[in-house]
Amino acid sequence: MTTIRQNTHAQITSSSAPALELEHVTLTYPDGTGTVTALDDVSLTLAPGTVTAVVGPSGSGKSSLLAVGSTLVSPTSGVVRIDGTDVAGLSESDRSRLRREKIGIVFQQPNLLQSLTACEQLIIADRLRGEGGDGTRARAQALLERVGLADATGRRPHQLSGGQRQRVNIARALMGDPSVLLVDEPTAALDHDRSEAIMDLLCQVTKEFSVATVIVTHDTEFLPKTDAVATMRDGKLAEPEYAAAAAG
């Protein structure tokens, strides 16, 4: 029986350091003779093992939030920390390494390689991170089993349903043992039952793998499953509302 590598960030987070911190982050873009403010003084702190949903209308800044949180885009001002590391102080190569080792991304579209099996999708992701070894295939198979695809590890994307492809997407993001999981509209192309199953799965693996998960979503039906909900509008992020506080 293969054991999936998980909770290996315990030493890093033992001091209760947040997995992801944004402090007074502003992001502006040139727009003709002026500028557009995509993020306006945004602050957010995420602890390991928690799911935070971010909601808001199109154009409110949700995609920009994920881009900055993933370190793919540098903010105009403010601080981004991953596991306590200030991203601004890193070289481009160190930032890329941090991204590979600490951040998992679940895209709205799984973007699977059509020629590869579900298991191979995870293996190639590990190789692109410079990882890989004797245990890689076994770990990939164990992750696919965890997300409910034990009987589909040898199938290619055209042989999988939309919900199954999204499960491969999630397993692939977890393959790097991230501290932060950034999820973009995971239920956009799914029906109600598959959407609920995917949201349940994301909440479960967040706890099991002790990651800090951000889910950008328009699907408000499943927000009660998350730990906190934050609303974006015009680049501003409201203070998250926590489920425990709401229940109390």
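The analysis underlying the following values was restricted to heavy atoms, covering all of them including side chains, and did not include hydrogens, waters or symmetry mates. Note that the coordinates shown come from a computational prediction; the quantities given were computed from them, not determined experimentally.
- A heavy-atom distance below 4.5 Å is found between the side chains of Arg146 and Leu201.
- When every heavy atom of Leu27 is checked against every heavy atom of Val73, the shortest pair comes out as CD1-CG1, 3.9 Å.
- With rounding to the nearest 0.5 angstrom, the CG atom of Leu144 is 6.0 Å from the CG atom of Leu149.
- Here Arg137 does not pair with Asp126 in a salt bridge; the nearest charged N to carboxylate O distance is not below 4.0 Å.
- Between the Gln121 side chain and the Leu116 main chain, a donor and an acceptor come within less than 3.5 Å of each other.
- Going from atom CD1 of Ile215 over to atom CG of Leu182 covers 10.5 Å, rounded to the nearest 0.5 Å.
- The minimum heavy-atom distance linking Val42 with Leu65 is given by the pair CG1-CD1, 4.0 Å.
- The shortest non-hydrogen separation linking Leu237 to Ala230 is CD1-CB, 3.7 Å.
- By the 4.0 Å N-to-carboxylate-O rule, Asp41 lies too far from Lys236 to be salt-bridged with it.
- Between the side chain of Arg165 and the backbone N or O of Pro110, no donor-acceptor pair lies under 3.5 Å.
- Neither Val147 nor Phe107 shares a network with the other; the hydrophobic side chains, linked directly or stepwise wherever heavy atoms of I, L, V, M, F, W or Y lie under 4.5 Å apart, form separate groups for each.
- Linking Ile, Leu, Val, Met, Phe, Trp and Tyr whenever their side-chain heavy atoms come within less than 4.5 Å puts Val205 and Leu122 in one cluster.
- At least one side-chain heavy atom of His218 sits less than 4.5 Å from a side-chain heavy atom of Lys62.
- The line from OG of Ser96 to CG of Leu72 is 9.0 Å long, rounded to the nearest 0.5 Å.
- Criterion: ILVMFWY side-chain heavy atoms under 4.5 Å apart, direct or through other members. Under it, Leu20 and Val211 are not part of a common hydrophobic cluster.
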Tell me, with the steps shown, if Asp200 and Gln204 meet side-chain contact (heavy atoms from CB on, under 4.5 Å). CA-CA 6 Å; Asp200 284 341; Gln204 291 163 9; 4.1 Å; yes
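- For Arg167, the side chain to side chain donor-acceptor pair (under 3.5 Å) test picks out no residue, with sequence neighbours left out.
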Between Val87 and Arg95, does a side-chain contact (heavy atoms from CB on, under 4.5 Å) hold up when you go through it step by step? CA-CA 7 Å; Val87 175; Arg95 185 178 303 188; 3.4 Å; yes
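- By the neighbour-count criterion of 12 heavy atoms within 6.0 Å, atom CZ of Arg100 is densely surrounded, having more than that number from other residues, nucleotides or ligands.
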Step by step, would you call Glu185 with Val216 a side-chain contact (heavy atoms from CB on, under 4.5 Å)? CA-CA 6 Å; Glu185 298 285 1; Val216 164; 4.2 Å; yes
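- Considering all non-hydrogen atoms of both residues, Leu190 and Ser195 come closest at O-OG, 3.3 Å.
- Between the CZ atom of Arg172 and the CD atom of Glu120 there is a distance of 13.5 Å, given to the nearest 0.5 Å.
- A donor-acceptor contact under 3.5 angstrom links the side chains of Arg99 and Thr71, judged on distance only.
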Between Ile170 and Leu202, is the side-chain contact (heavy atoms from CB on, under 4.5 Å) condition met? List the steps. CA-CA 8 Å; Ile170 293 168; Leu202 285 167; 3.8 Å; yes
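- To the nearest 0.5 angstrom, Ser179 atom OG is 8.5 Å from Leu98 atom CG.
- Counted within 6.0 Å of CG on Asp151, heavy atoms from surrounding residues, nucleotides or ligands total 12 or fewer; the atom is thus considered open.
- For Leu39 against Met232, the heavy-atom pair with the smallest separation is CD2-CE, 3.7 Å.
- Contacts classified as ring pair (Phe, Tyr, Trp, His ring centres under 6.0 Å) and involving residues 66-99 (residues at least two apart or in different chains) are not found.
- Atoms CD1 and CG, on Ile198 and Asp193 in that order, are 12.0 Å from each other to the nearest 0.5 Å.
- Side-chain contact between Val54 and Val214 is present, with at least one heavy-atom pair separated by less than 4.5 Å.
- Val168 and Phe209 fall within a single hydrophobic cluster, where Ile, Leu, Val, Met, Phe, Trp and Tyr are joined by side-chain heavy atoms under 4.5 Å apart, directly or via other members.
- Proximity of Ile105 to Ile103: side-chain heavy atoms (C-beta onward) are separated by under 4.5 Å at one or more points.
- Judged purely by atom type and a 3.5 angstrom limit, Asn169 has no side-chain atom pairing as donor or acceptor with the backbone of Val106.
- Thr226 approaches Met199 most closely through the heavy-atom pair CG2-CE, 4.2 Å.
- Not counting sequence neighbours, the partners of Val79 by the side-chain contact (heavy atoms from CB on, under 4.5 Å) test are Glu23, Arg81, Asp86.
- Contact of the Ser77 side chain with the His24 side chain is not registered, since no non-hydrogen atoms from C-beta on lie closer than 4.5 Å.
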Take Thr37 and Thr28, measure what side-chain hydrogen bond (donor to acceptor under 3.5 Å, both in side chains) needs, and give me the verdict at the end. CA-CA 4 Å; Thr37 301; Thr28 60; 6.0 Å; no
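- A side-chain donor-acceptor contact under 3.5 Å links Asp191 to the backbone of Arg194.
- Residues Leu143 and Leu174 meet the side-chain proximity criterion, which asks for heavy atoms closer than 4.5 Å.
- Side-chain contact between Leu112 and His158 is absent, with no heavy atoms from C-beta onward closer than 4.5 Å.
- Side-chain contact between Pro186 and Gln166 is present, with at least one heavy-atom pair separated by less than 4.5 Å.
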